[in-house]
Amino acid sequence: MRISEAQPWSVTVMSFLLLGGLGVLTVLASVAAWGLAALLAPDALPRLSTFLTIAFSVIVLEVVLGSCLAALTTFLYNLTAPYNGGLEISLTNDLGPTEAGSRAQLAVDRAHVRARRYLRAHTPAWVIGAVRRLPARFTVLRRGEPAAPADQAAPVTPDTGQGE
């Protein structure tokens, strides 16, 4: 498959969203760093409002310039793609599991079985009793027990919140 043309507006919107998200993460990380630095050296930094004003100005400039650069790059790609054939991508129809994926899934399944066996063997009696005393609508089906119809569930009284 060959990508011979890209839509400039789609690329601009996607770059705006990605750069905006990156900007939010940058502001959050810089505020956390400012807070840590303020704890270590309280008088060495400007006020948080000044710091945030500068940070937001830089982020807005980054988002605007980055989006414009992505749109310009898309236009340049569209101009040059007919001459060099575009970008070639190989796609496969094989969606089956790989050998490594199968081994990983088998290991996860075995670990899950071991964890369940361990928890069944080491669960305190008071936890088992507390789970059995729960009303039927709050419990998941236990192995070997039939499902109780919803109308047979223990009613909850408004004053105590406990079933009868």
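Nothing fancy with the numbering, it's 1 onward along the sequence.
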What residues form a side chain to side chain donor-acceptor pair (under 3.5 Å) with R2, not counting sequence neighbours? E88
Return the set of residues passing salt bridge (charged side-chain N to carboxylate O under 4.0 Å, His left out) with R47 (not counting sequence neighbours), or none when no residue passes. none
Using atom types as modelled, flag every donor-acceptor pair under 3.5 Å from a side chain in residues 99-107 to any protein atom, sequence neighbours excluded.
| residue | atom | partner | partner atom | Å |
| --- | --- | --- | --- | --- |
| E99 | OE2 | R103 | NH1 | 2.9 |
| S102 | OG | T98 | O | 3.0 |
| Q105 | NE2 | D109 | OD1 | 3.0 |

On a heavy-atom basis, the closest approach of S49 and T53 is O-OG1, 2.7 Å
When rounded to the nearest 0.5 Å, the distance separating CG of L119 from CZ of R114 is 13.0 Å
If you group Ile, Leu, Val, Met, Phe, Trp and Tyr by side-chain heavy-atom gaps below 4.5 Å, do V64 and F16 land in one group? no
Report yes if the side chains of W34 and L52 come closer than 4.5 Å at any heavy-atom pair, otherwise no. no
Acceptor/donor pairs from residues 18-31 side chains to any protein atom, 3.5 angstrom cut, sequence neighbours excluded:
| residue | atom | partner | partner atom | Å |
| --- | --- | --- | --- | --- |
| T26 | OG1 | L22 | O | 2.7 |
| S30 | OG | T26 | O | 3.0 |
| S30 | OG | V27 | O | 2.9 |

In this structure, would V63 and L69 fall into the same cluster of hydrophobic residues linked by side-chain contacts under 4.5 Å? no
What's the separation between atom CG in L72 and atom OG in S67, rounded to the nearest 0.5 Å? 12.5 Å
Shortest non-hydrogen contact between P8 and A6, atoms and distance: CD-O, 3.2 Å
Over all heavy atoms of both residues, which pair between A71 and T12 is shortest? Give the atoms and the distance, please. CB-OG1, 3.2 Å
Filter on salt bridge (Lys or Arg N to Asp or Glu O under 4.0 Å), then keep only pairs touching residues 11-32, sequence neighbours left out; what's left? none
Could you grab the distance from atom CE of M14 to atom OG1 of T74, nearest 0.5 Å is fine? 12.0 Å
M1 reachable from L87 in the ILVMFWY side-chain graph, under 4.5 Å edges: yes
Looking at F51, I want to see if its CZ is surrounded by more than 12 non-hydrogen atoms of other residues, nucleotides or ligands under 6.0 Å. yes
Evaluate the side-chain proximity of I59 to E62: yes if any heavy-atom separation is below 4.5 Å, no if none is. yes
I'd like to check the ring pair (Phe, Tyr, Trp, His ring centres under 6.0 Å) partners of H122; sequence neighbours left out, ordered by chain and number. Y118
